[in-house]
Amino acid sequence: MNAPASPICWLNGRFLPLAEASIPVLDRGFIFGDGVYEVIPVYGRQPFRLAEHLARLARSLAAVRITNPHDDATWTSLITELVARQDFSDQSVYIQVTRGVAKRDHAFPKDTVPTVFMMSNALVTPPAALVDSGVAAITATDNRWLRCDVKATALLANVLLKQLAVDAGAAEVVLLRDGPDATAPRRLTEGSSSNIFVVRDGAIATPKRDHFVLPGITLDVVAELARAAGIPFEERDLTEADVRAADELWLASSTREVLAITSLDGRPVGIGMPGPMYRRMITLFQQHRSERRP
Ligand code: PMP
């Protein structure tokens, strides 16, 4: 029997089997986590919100002062070819750009060419049972750096936080950032790999976009769908008390779409089941993405 073929990836200017792709150990992505990334969902071989993902990639690269290796037209054709080369039609394209390979020294190396890597995995959207039941989450203090708006590959804090959730049998950790002094309430930021929404009295709220939060592309979809449906939607400061008093809590990301958080720290959120606002939003979301607007 033949071994299954290794999926095709892209590394530094060529397509090759993932199993054959390798980079030097002195790559600054490996040594320092000195790079940025993107994850783009692909439905029926159509990248979803590609322009927005490429714009965020450009912003992340600019924030860490790595020259964007490609213009949007080149990214688009590379992604299109990568997607066409996979065996499956729903995919999640992963792009990573690092500052490149250089002798280990914190300061930027001179004349180093960025490392560019792309792969595509099968996209497994949440099964209907999870959409129907919701997921458990726990809270934790947000101890990440102060540039969470940059999609940096240095994700150690997110990794450790997510593991707290997994150890507690939960799917996500809802992050609360300490206030400026000991008397200030903790503020909701986001999840370890998702944005978080608080629903109260028929209105949706999510923290406003600042350096504490990744500007999620799925968040934008939720905001657009809410506004188009006439559902009140606001971006504002949310405290721990707002989170604990929520009728519904949701998480959203490119690979998990929108999921209801039905228990928080072991206590039910609202009625302990996905609420009516969630059911309305997930219907709108699924309709919208089945239209496969690029
Ligand atoms: N916040 C964090 C920390 C994330 O890792 C993600 C997932 N990339 C998100 C929010 C959601 O972003 P998006 O909807 O673009 O996937």
Side-chain angles (χ1 to χ4, degrees), residues 33 35-43 47-61 63 79 90-97 118-121 123-126 135 137-166 171-177 187-198 204 206-226 233 235 238 243 249-259 261 281-282 284-286 288-289 293-294:
V36 300
Y37 75 107
E38 262 305 318
V39 177
I40 306 168
V42 174
Y43 298 110
F48 185 69
R49 302 255 162 165
L50 180 57
E52 288 85 346
H53 282 278
L54 292 179
R56 186 170 65 184
L57 176 62
R59 285 200 307 276
S60 296
L61 286 164
I79 292 165
D90 287 356
Q91 307 180 20
S92 87
V93 169
Y94 177 88
I95 304 175
Q96 174 166 339
V97 182
M118 289 199 291
M119 63 179 167
S120 192
N121 294 308
L123 177 67
V124 185
T125 51
V135 297
I138 60 167
T139 57
T141 297
D142 192 344
N143 57 7
R144 299 171 303 159
W145 71 331
L146 298 178
R147 288 306 307 275
C148 298
D149 55 318
V150 177
K151 211 163 163 52
T153 56
L155 286 171
L156 183 56
N158 302 60
V159 165
L160 293 171
L161 288 161
K162 176 60 76 65
Q163 192 58 36
L164 290 179
V166 171
E172 185 54 295
V173 52
V174 172
L175 299 174
L176 301 167
R177 181 73 79 162
R187 267 177 49 183
L188 172 66
T189 55
E190 57 181 344
S192 66
S193 60
S194 60
N195 291 110
I196 304 287
F197 301 80
V198 170
I204 307 166
T206 195
K208 61 178 190 308
R209 286 153 218 240
D210 57 18
H211 56 289
F212 291 125
V213 175
L214 185 80
I217 309 298
T218 322
L219 184 157
D220 282 336
V221 178
V222 170
E224 274 175 40
L225 293 173
F233 181 93
E235 296 186 13
L238 291 159
V243 172
L249 284 179
W250 310 341
L251 64 80
S253 79
S254 290
T255 50
R256 288 190 288 178
E257 303 188 331
V258 189
L259 285 173
I261 296 173
M281 180 51 67
I282 194 65
L284 293 170
F285 188 93
Q286 288 171 345
H288 174 75
R289 71 127 155 84
R293 195 171 75 77

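Read the numbers this way: they start at 1 and go in the same order the structure lists the ligands and their atoms.
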Decide whether the shortest distance between a heavy atom of Ser192 and an atom of ligand 1 is less than 4.0 Å.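 True for this residue.
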Contact between ligand 1 and Asn195 is defined here as a heavy atom of the residue under 4.0 Å from a ligand atom; is it met?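 True for this residue.
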Do me a favour and list the nearest non-hydrogen protein atom to atom 7 (C) of ligand 1 with residue, atom name and distance?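 That would be Ser193 O, 3.5 Å.
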Around atom 14 (O) of ligand 1, find the nearest protein heavy atom and jot down its residue, atom name and distance.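 The closest heavy atom on the protein side is Thr218 OG1, 2.5 Å.
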Side chain to side chain contact (heavy atoms under 4.5 Å, CB included) between Glu190 and Asn158, intermediate numbers included: CA-CA 11 Å; Glu190 57 181 344; Asn158 302 60; 5.7 Å; no
So Leu238 and Ile196, side chain to side chain contact (heavy atoms under 4.5 Å, CB included) or not? Walk me through it. CA-CA 10 Å; Leu238 291 159; Ile196 304 287; over 6 Å; no
State whether the shortest distance between N or O atoms of His53 and N or O atoms of ligand 1 falls below 3.5 angstrom.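 In this structure, His53 places no N or O atom under 3.5 Å from an N or O of ligand 1.
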Does Ile217, backbone or side chain, put an N or O under 3.5 Å from an N or O of ligand 1?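 Among all N and O atoms of Ile217, at least one is under 3.5 Å from an N or O of ligand 1.
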Mind checking whether His288 and Phe48 have parallel, tilted or perpendicular rings, split at 30° and 60°?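 Because their plane-to-plane angle is over 60°, the rings of His288 and Phe48 count as perpendicular.
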Using a 4.0 Å heavy-atom threshold (strictly under), name the region of Cys148 that reaches ligand 1: side chain, backbone, both or neither.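 No part of Cys148 is near ligand 1 at this cut-off.
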Atoms of ligand 1 close to [X] [distance to a heavy atom under 4.0 angstrom, numbered from 1]:
X      : answer
Gly191 : 3 (C)
Arg56  : 12 (O), 13 (P), 15 (O)
Gly216 : 12 (O), 13 (P), 14 (O), 15 (O)
Lys151 : 7 (C), 8 (N)
Glu190 : 1 (N), 2 (C), 3 (C), 10 (C)
Ser254 : 13 (P), 14 (O), 15 (O), 16 (O)

Both conditions, 6.0 Å and 45 degrees, for the charged tip of Arg177 above the ring of Phe212: are they met here?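 Checked: cation-pi criterion not met.
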Run the side-chain hydrogen bond (donor to acceptor under 3.5 Å, both in side chains) check on Glu172 and Ser192 step by step: do they pass? CA-CA 7 Å; Glu172 185 54 295; Ser192 66; 2.5 Å; yes
If you measure only the distance, is there a donor-acceptor pair under 3.5 Å linking the side chains of Arg49 and Ser254?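 On atom types as modelled, these side chains do not qualify, holding no pair under 3.5 Å.
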CZ-CE distance between Phe233 and Met281, expressed to the nearest 0.5 angstrom: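 Answer for the CZ-CE pair, Phe233 versus Met281, is 8.0 Å.
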Between Val135 and Leu251, is the side chain to side chain contact (heavy atoms under 4.5 Å, CB included) condition met? List the steps. CA-CA 9 Å; Val135 297; Leu251 64 80; 4.1 Å; yes
Working note: Val42 + Asp90, criterion side chain to side chain contact (heavy atoms under 4.5 Å, CB included); need CA distance, chi angles, decisive distance, verdict. CA-CA 5 Å; Val42 174; Asp90 287 356; over 6 Å; no
